[in-house]
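Just below is one structure, and these are the notes that go with it.
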Amino acid sequence: MLESRATIGPYWDEPLPDDEHLARQVEHGREEHLMLDARPPAELNQLTLARMRQTGPRFWIALAGLGALTLAFFIAWAIQIVSGLGITGLNRSVMWGPYIANLIYFIGIGHAGTFISAALRLMRMDFRRPIARAAETITLFGLACAALFPIIHVGRIWKLFYMLPIPNQRDLWPNFRSALFWDMMAITTYLIGSTLFMYVALIPDLAMARDHMTGWRRKLYSALSLGWRGTEGEWHRLEVVSNLLSFVIIPVMFSVHTGVSWNLSMAIQPGWHSAIFGPFFVVGALYSGVAAVILVMIIVRKTMRFGYFMREEHFNAMGIFLLILTLTWIYFYFAEWITNWYGNLPLEKAVQAMLTGPLAPLFYLMLFCNIVVPLGTLWSRRVRTSLPAMLVIGILIQVGMYIERVLIVSGSLSRNELPFNWVNYTPHWPEVTVTLGTLAFLGLLYMVYTRFVPIIPVWEVYEGQAMQGSRRVGRAVMSTRTEVH
Amino acid sequence: MTHLTRRDFLKVSAAGTATAILAGCAQETERWVALEPYVRAPEEQLAGIPNWYASTCRMCPAGCGIIVRVMNGRAVKIEGNPEHPVNRGKLCARGQSGLQLLYNPDRVTGAVRQGERGSRKFEPLAWNEAINTLYEKLDAADQAVAIWTGSATSGHLCDLFARYAGAVGAPAPLRYDLTSALNSVGALAAANNALFGQATLPGYTLAQADVIFSFGADFLGAWLSATGFGVEFGQFRSQRFGKRGLLVQFEPKMSITGAKADRWVPVQPGAEALVAGALLRIIADEGFGGAERAGLAAALAGEVDLDAAAAACDVPLADLVALARAFAEAERPVAIPGGALAGASNGVAAVTAVQALNALAGSSGLGFTPALPTALAAPGWSSYAEVQALVERMSAGQVRLLLVHGANPVYDLPPGSGIADALAQVETIISFNPLVDETSALADYILPDRTYLEGWGYEVVQPAFRGLPVVSSQQPVVGPFHDVRPTGDVLLTAARGIPAAAAALPWTDEVAFIREQITALPKGASGGDDDEVRWARFQQHGGWWPEAAPESAAPELAAQGTLDVAGAAFDGEAAQYPYYLHLFPSVLLGDGRGASLPWLQGAPDPLTTVSWQTWVEINPTTAQALGVDHGDVVRVESPHGAVEVPVYVFPGIRPDTVAIPLGQGHSDLGRYARERGSHALHLVGAALDDVGANLAWSSARVRVTKLDKKQALARLESTIDPGEDIHVPF
Amino acid sequence: MRRVAGLSSRQRLLFGGAVLGGVAIVVILLVIVIAQTSAADEQPIAFNHKRHAENGIQCQFCHAGVAKGPVAGIPSVEKCMGCHEYVATDSPQIQRLHGYWERQEPIPWKRVNEQPSFVYFNHASHIAAAVSCGACHGAVEEMTVAEPVVNMNMGFCLDCHAQQENKDALWDCAVCHR
Amino acid sequence: MAEEQSNGHKWTMIVDADKCTGCQACVVACHAENNVPVSSEDEVIRGRAMHWMRIERYWEGEYPNVKARFLPVFCQQCGNAPCEPVCPVYASYHSTEENINIQVYNRCVGTRYCGNNCPYRVRIFNFWAPRFDAPLEQQLNPDVTVRSPGVMEKCTFCIQRIRRGREQANIEGRPLEDGEIIPACAQACPTDALVFGDKWDENSRVAQMVPSERQFKLLENLGTEPAVYYLKGGETHVGE
C-alpha cells in the first residue's frame, strides 16, 4: 500500500485544469468532498494534534459540570447499594424500570458507531473516514455505560460474580438457558470486539502522536502504539486485521441488540412477547445510534473546530442514512403496533390503551420525536446539512428513542395477566440521577478521550485522499485520474 | 436501619468494585435469633426440635383451641388445635397474630406507676410494692371498688374477680367491651330469652343446613365465633351428593359473608325486622312449607306491608316470595340475626323476628350451649345499662378504686357515654392490660398481666358447637417474657390481707384455683380417672369436653303473639343527614385490639384490600353524586361527632348508606396503632335500644362532605380500572 | 525496573505512596474479611474433648439432640454439673463452671462449627444415614481444643452427597436451602 | 423441563374458590410461618406490599346484583415455570425431588427477571432489608431463612415443613402419610378451602379431588402447568 501510494503520488500536486468551467467544478468538488480537498499529511497531523491540547475555559466548565453530574450518579448509586432498591420507584409488578431502559438505550447509542465504521468500511464508503473514530468511540463508551446498568440494577451487586461462568467445586454454573446470561455475553463480546476494532485502527495515529509529542504524552503514546513503525508489513497486517474485525463485529452487533430484545420478548408479558422484537430493536438501536453519531459529529466539529474534516457531505450522508433508518423504524413500529391492534388480545389492547391513556403524553411525544420531526425534515438537503437543525433533530430522536425504551420496559410491565396486579410506575430520584449522571459520565469520558487520542483517524483520511486518484484492480493499484477529470 | 452491622459497613464501601467483590466473600452468617445454651434444660426441650403446647386463644371471646409451636423457648407459631370442638384445627388471622401480642415491642415490661394521669410518664414499681399498693387501695376502697373486665379476661379471672366482689360486698364485676357491643350479645340474649327462654348466645349448626338466611351476621368475618362458623360453612358448602346449600345474606353493606352468599339482599338499615316479618307473612299467606310451618308463621307474623319490605330490600316482591318459599320448603333452614341490625334502636325486636324464622322448622339448626356438670359457667356479659350505671356511680364519686382488665372503656364506649369525665372522678385506677391502651394511659398504676401465651386460665366456651359444652384450657407455653405477674396471683396475694376476701379466696395461687375447678369436672373425652391425670389431660388436649354431646331437644318456642316489625329510629334528620351510617368491625382488627399487631395492620381487608387505614365505603352512584372518588377525603358528620376519612368506592353497599370499619383511630396502644385512621364510634350517641339494655350503636345518620384533600389508600388491589375487555380470570 | 529507576524523586515518592496506599487498603480489607470469618476465639471454659472421650463419654451423651433433630445441641450447665459437682472440682476450669452454676448463668460458648443462616443442616438425617461425627468434625476425641477441621462449605457437602446412592435426591437445593 | 413421575413427590394444592371467604387467615399464617416482613403503609401505597400469598378480590356486576369473588393466589409451582429458565444463576430452579419451584435466596443476585416473567406476579422482591422491631424477631421461624435485601422470594409450599416431614419419616424409616405435611395456609383455612397433598400418591385427598368438573387452572392458556388447581365457585339459585 505504502508503495502504491508512492508510485502514484499525491494528486494534489497536480495543477487545476486549464478549462475554467472544469476548474470550477474541481474546486467545488474539493470544497464539498474532503477526499478531494487534500492537504499535506503534516498539516493534517498538526491540525489533529493541536486540538488535543486545546483546553479553554469552556472546556473546563463543561468538564466540571459533567464531573459534578457523574459524581452525583456515583453517590446515588452508593446510596442505593446501602439502602436497597427501595429508594427507587420500582414496585411489585414493575420490577424493571429505567435501569433496563437505560441499558437498552446506551447499547443503542453505542450501536451505530462500529456499524458505521465496519459496514461502511466493507462497503468502501469513503465518507466514513474522518468520522469513523468519533463513531467508534461512542460505541466504546456507550457500551461501557450500558454495561454499568445490569450492575446498578441488580439487588445484590456483591453477588454479581455468580453470573460469571467460573468453574467451582459446587458444580454451579450460570444458567445457560437464560437470555440474560447470553445478553451479558453478547455485550461483553461486543465491548471487547469494539475496543479491539478501534484500538487497531488507532495504532498508526498513536504512533503519529508519539512522534510529534514530548514529555509524558510521548511516553504514553509510545507505550500505547506498541512500537508501530509504519513498515509495509505492519500496514498490511493492519488492513487484514481491520477487514477481519469488520466482518466479525457486524454479526456480534446484531446479536447484542437481539439479545437485549430477547430478554423482553422471551418473557410471558403482554407488550413484550413479540416475534418482531429482535430486528425491531436492532433498527431502533441503529436509529438512535446514528442520531447520536450525528450529535457527536456536530459537537466535535464545533468545539474542536474540525470544519475541515467534517463537511457538508458527511452530514448529508448521515442525514440520508438517518432518514432511511427513520423509515425502517417506522415500518417495524407500525408492524408491531398493528399486529397487536388487529390481534385484539385483551391484554395487548390493555397495553396499547395505557399508551394512549395515562401515558399518552409520553407516547405522543415519542411519536413526534421519532416520526414527525425526522420524516418531515430530513427530506431536505438544506436541513441535513444545517448543523443547528441536525442538532435539534438528533436530540429529539434521543429523547424519542429513550421514551420508547421506557414505555416498552416499564410501561408494558405495568399491565400484566391478572388485572389485580396492575400498577403504574413513576421514577424516583435515584433513577433520574443515575440516568442523567450516566449521560454525563458518557460525555465526560468522551470529552477526556478526545484530549488523549486523535479523534480524527488521520491515516485513514490521508489514505483516502491518497487513494482518491487510484483504484484497485486485482492486486494492482491504478490511477483513475482520467475518470475524475 | 437501627444499627450499623459489619455487613452494612461493607455495603457502604461497596461502591468500588473491589469492595463489592469483597462484600460477596463475607458470608452472611448473621442470624436473627441465635441458639443459646441453657443453664437448666427443660426436660422436653431439645434444640431444633419443636414442642407443641395446647392452649386457648384470647384474641376474641370465641374460645378457640390453639397449639403453639415452641422452639428453643420461643413461641414461633400458633396453630389451631385439631381436637378442639370449636375451631377443629383451624385458626383465623387474629388468632395467628397472638404471637405479636406476646412479643409486642410496646408491652409494659413491669409494674409501673403514672404520676399524672395521661402524662404517659411511667415510673417502674417493684412488684412487692405494686401488690402492696393494690392491697392498700382495695382495703381503703372496701365496697367502693369497681371491676371492669372484657374479652381478653380469662374465664378464671372473671370468676376470681366475681368472688372477690361478692366477698367484699362490691357490685359484681362488669364484663363489657366493644366486642360484646358489636356482637350485640345483650340483644341476642334478650331475644333468645323472649323467644326460647334461654338468655344465652345462640349456636348454629350449618354443616347440614340446606338454606341459611343471615340477617347482618358476618359469621364468617368478625361475628361471635368466626372460625367455628367458618368450619361449619366449609362443611355446608360441601355436603353429600354435591349439595352446597343456599346462603342468603340480608345486609346494607356486603360483608365477607355477603360475598360468599348465593344471594346478597341489600336491606335498608333498620328494616330487617320488617323483612323477617314479611317473610313470615308470605310463608303464612302462601302456605309454603306445608300446613304446620305456614301455621306457625301465621301465628308469629303480624300485619306486614309486603311492598314496603320489598322496597326496603331493593328487590321486587316476587324475589322476596321466592326467598320465602326457599326457606319454608327447605329441610333444615337456619336464620341468623346479628351484626348491625342488633345494634339498631329496634335491635331486640329485629333479632327476635329473625330468630323466630328458625322456629318454622323446629329450630333444627339452632342450639344453645348446654350447661356444664359443675357450677362452672361462662361469665355473663353486662348490658349497656349496667355500664351506664357504673359510669354514673363513677361520676358521682362513689367509686374509689377501678380495676380494668381485658377491656379498654375509653376506646370501647362512645364519647357521649361520659366515660372520660367519669374516670377523672375515680380516686385510683389500676389497669392490668399488657399494653398502654387509652384506658391505661389514664390509670394511676399498671400491673400488667401475663399475656395469654404466658399465663394460666380456662374459658367456658360460648357459643358452643355441635352441642358440646367446652372448657378450654390455657397454660403458659413460654416463660414470662417480661417481669409481669399473673393478675390472678396478684389479686389472691392482695386479697389475703382483706379478711372478708381472704376467706372467699383461700387459694395460694391461681393455678390451685383453676385446678380445683377443672378436677371437679367428670371424665371428659380425653379421659383420666384420677384428678392428676384429668388435670394433665386438660392441659395436654387443650380443654375438657364430653365425648358426645348431651341429649338436648331442639329449643321450644316459648313466645306467643305476633312479632314487632317496626322500623328503627335514627339520630339525625333525614334531610340534614341523608345517609345511614353502617359501622362494622374489621375482620382483621376486630374491635380495635388487633391494631397493635403489625400482621393484622398489614394484612389487606378482604373486600377493599386496604391495610393500615380507615376508610368510608360509598356506593358508586352516591360517590358520583358527591363528586368523590377513591382516596378523596370526606368529612362524615353525625349529630354526635365527625370524622375525616378517605373514600373507598364500594359496589356492594346501598346508595343510602355509608360504612366505616371500626378498629383504628387509637390514641395509644403502641406504635402500630397510635395516630392511625379514625374511630368511627365517635359518630354514635350513647342511646339505648328498644329494651333499654343495649347500646344502639347502629342508629346514626350522617352527612358526607367532600374536603379538598386526598389520601392515597393503601390498597393491595390495582388502582387501575381494567376496562371492559379484561375479564375475571375464572 | 529501569523505568522506575529513571523516575524523578518526586515521581518515585508519588509512586511509592500510591503503592503503599494500595497495600494499606488491601490489608485493611483483609483484616475485615478475617475478622468476619475467623471464629476461633478462646472459649469461656477450656473444655477438653479428649479428656472426656478418654473417660468413655460418648458424643451423644452431651450432644443429645444429634440423633433426634437438626441441632446436636450444647449441654446445659446442669448437665455438666451432673458429673462435675464431684469430679475434678479442684481444677480451676471446673471452678469456673461452678461459678456459672452458682450464678445460674448459661456458659457463653463460642461457636466452633457454624453454618450460615440460609443453610439447614439436619444432624439426625446424617446419623440415620450412618455418617460418623468425625466425617465432618474430625477426630474431636483427639482434640484438647475443639476446632473446625474441614471448611464446611457447599463444595464439601456436595462432594459427599455426590457419592451417595440416592445422589439425585441429595442434589436438590431444597435439601439444605429453604 | 417436563416432570416425570419418579420416586419424588408432586406437591399439589387445591383451592376451592367456593369455600374461600377471603378471611386472610392464610395470609397471616403465611407471614408467621415464613418470616415475611410486614410492609408499611407507604410501601403498600407504592405497590410493594409483601405477601407470599394474597387473596385477589374481583367484583362482578353492579349494585344490587353485585358479587365479590375471592381468589387466593400464591406461587403456582408451575411444572413448566416461566421463572426458571430466565434466572441467570439458577436461583429459581425446579426441584426434581419435590416437583415444585424453589427459590434459593443465597444464590439470588436480584435481577428480578423471574418476577417479570411470572404471569401470576407472586414473586416479591426485598426492596428493603427486613425489619422486625425488637423483640418481634423472637417469633421468627428458625426453619426459614430471613431473606436479605435484594433477593426475590415467594411461596414455597412451606418447603421447610415438607423437608421436615420427609426427614422425620426418613429417620423413622416409614413412608409419608397423606395429610402429614400441610402448609401453614391450608392448616389455618377455617373453611378447608385449601387442600394440600401429593398428587402422585393415588390415595391422597388431592389426587381424588383433582378430577373435579369444577376444576380449572389459573391462566391455563399460558401452558405453565401449575401445581395449584382451583375449583370454580358455584351458585345455588333461589326457586329452582
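A note on names: the letters A, B, ... follow the listed sequences, proteins ahead of strands, and every chain is numbered from 1.
Using a 4.5 Å cut-off between heavy atoms, A/W422 does not touch chain D at all. At a 4.5 Å heavy-atom cutoff, A/I100 makes no contact with chain D through either its backbone or its side chain. Interface residue D/R54: only side-chain heavy atoms are found under 4.5 Å from chain A. Neither the backbone nor the side chain of A/N424 comes within contact range of chain D; no heavy atom of the residue lies under 4.5 Å from a heavy atom of that chain. With a 4.5 Å cut-off on non-hydrogen atoms, D/M50 does not touch chain A at all.
Interface remark: of the candidates D/C118, D/C87, D/G115, D/C87 forms the most heavy-atom pairs closer than 4.5 Å to chain A. When each of A/G155, A/G84, A/G86 is scored by its heavy-atom pairs under 4.5 Å with chain D, the top score falls to A/G86. Comparing A/D183, A/L160, A/N263 by heavy-atom pairs within less than 4.5 Å of chain D, the highest count is held by A/N263. Heavy-atom pairs under 4.5 Å with chain D were tallied for A/V423, A/T426, A/I268; the largest tally goes to A/I268. Heavy-atom pairs under 4.5 Å with chain D peak, among A/F181, A/F176, A/W173, at A/W173.
For the pair D/E235 and D/R69, the salt-bridge criterion is met [side-chain N within less than 4.0 Å of a carboxylate O]. Salt-bridge check for D/R214 with D/D16: passed, with a basic side-chain N closer than 4.0 Å to an acidic carboxylate O. One finds no salt bridge joining D/R121 and A/E417 here, because no Lys/Arg side-chain nitrogen approaches an Asp/Glu carboxylate oxygen to under 4.0 Å.
Note that D/K217 lies outside the cation-pi zone of D/Y230, set by a 6.0 Å cut-off to the ring centre and a 45° limit from the axis.
Applying the ring-ring contact (aromatic ring centres under 6.0 Å, His included) test to residues at least two apart or on different chains, the pairs with a partner in residues 84-106 of chain A are A/W96-A/H153, A/W96-A/W272, A/W96-D/Y113, A/Y105-A/Y402, A/F106-A/F149.
Side-chain contact of D/N34 with D/Q160: a donor-acceptor pair under 3.5 Å is present, judged by distance alone.
With sequence neighbours excluded, the residues that form a side-chain hydrogen bond (donor to acceptor under 3.5 Å, both in side chains) with A/N344 are A/K349.
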